[in-house]
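The block underneath contains the structure these notes are about, expressed in structure tokens.
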Amino acid sequence: MSDVDPTARAVPASKRLAGELRHAIATGELGPGARLPSERALAETHRVARNTAREAVRLLADEGLVTAVHGKGVFVREPQRLLRFGSSRYSNQLRERTGLSPFRAEVAEQGRVARVDCTSITRVAPPERVAARLGLDPESGTVARRENWYYADDEPVQVGVTYIPWAVAEDSVLASSAQLGKGSLYARFEERGHRITRIREEVSARMPSPDEVRGLAIPDGVPVLEVLHTGIDQDDQPFEVTHFIMRADLNAVDYNMPVEDR
């Protein structure tokens, strides 16, 4: 009688090998920057075909754990998660000091190069949950919808759709231009009488849609973080909602806030 676990036998050899390599990466046996053995060496060591070794490495690459460098080999990827600095990213002091948007400021602070592509600006009826956050009637109210794709070192990391009540956005660059000038979005809001003083953010996780997989180049098995952000002004009034979709392998959130006793 064979002593091989029948459930293990049912798992393809490429997935078993990928699991062993994944474990070596997770435990630090193969640390960031380490070069993986060649396909031939993996095949000989693990007694599998070279095609099996190649498929195992591809699985790891699809998960974002390794990257191939032409002519040099396959290397364990250096972790490069962007930290989203929570409430501090909307600091008026940070914006006045840098003249940058929250995303550009935090990417620069982490030593990377930011790019933001505004792909559309339209006037639409707000989605129901956006209307609820903004206190608008979803049947009669309208918003300026701005869609932005965000990159760090030319790698897509997140997409954000901002909804602005039309009464706030009309007759301004908020409703018409991708170029928002110094201080970006929140400087323009302040000029319209809405200085951001408080935020509300709801964070959840899920698997990505096919469009998100394509647009954000998300590897197999990687989820996304959803952040539903609301900006609230000095009069305790919501004036914008942004729905962020973020690659979970390239982003993390870091909130530092006081504990309130009520």
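A donor-acceptor pair under 3.5 Å is absent between the side-chain atoms of R247 and the main chain of V213, judged by distance alone. One N or O on the side chain of T45 and one on the backbone of A41 form a donor-acceptor pair closer than 3.5 Å.
Cation-pi check for R84 over Y255 is not met; the charged atom does not lie both under 6.0 angstrom from the ring centroid and within 45 degrees of its normal. Cation-pi check for R115 over Y151 is met; the charged atom lies under 6.0 angstrom from the ring centroid and within 45 degrees of its normal.
Not less than 6.0 angstrom separates the ring centroid of F189 from the ring centroid of H194.
The shortest distance between side-chain heavy atoms of V57 and L42 falls below 4.5 Å. Residues M246 and V224 form no side-chain contact, since every pair of their non-hydrogen atoms from C-beta on lies 4.5 Å or further apart. With contacts defined as side-chain heavy-atom distances shorter than 4.5 Å, the pair V69/V74 does not qualify.
T142 and R123 are linked by a side-chain donor-acceptor pair at a separation below 3.5 angstrom, with hydrogens and angles left out of the test. No side-chain donor-acceptor contact under 3.5 Å links R145 and T122.
Salt-bridge check for R112 with D153: passed, with a basic side-chain N closer than 4.0 Å to an acidic carboxylate O.
Results of the side-chain hydrogen bond (donor to acceptor under 3.5 Å, both in side chains) test with H229 over R89, E240, R200 single out E240 as the only residue that passes.
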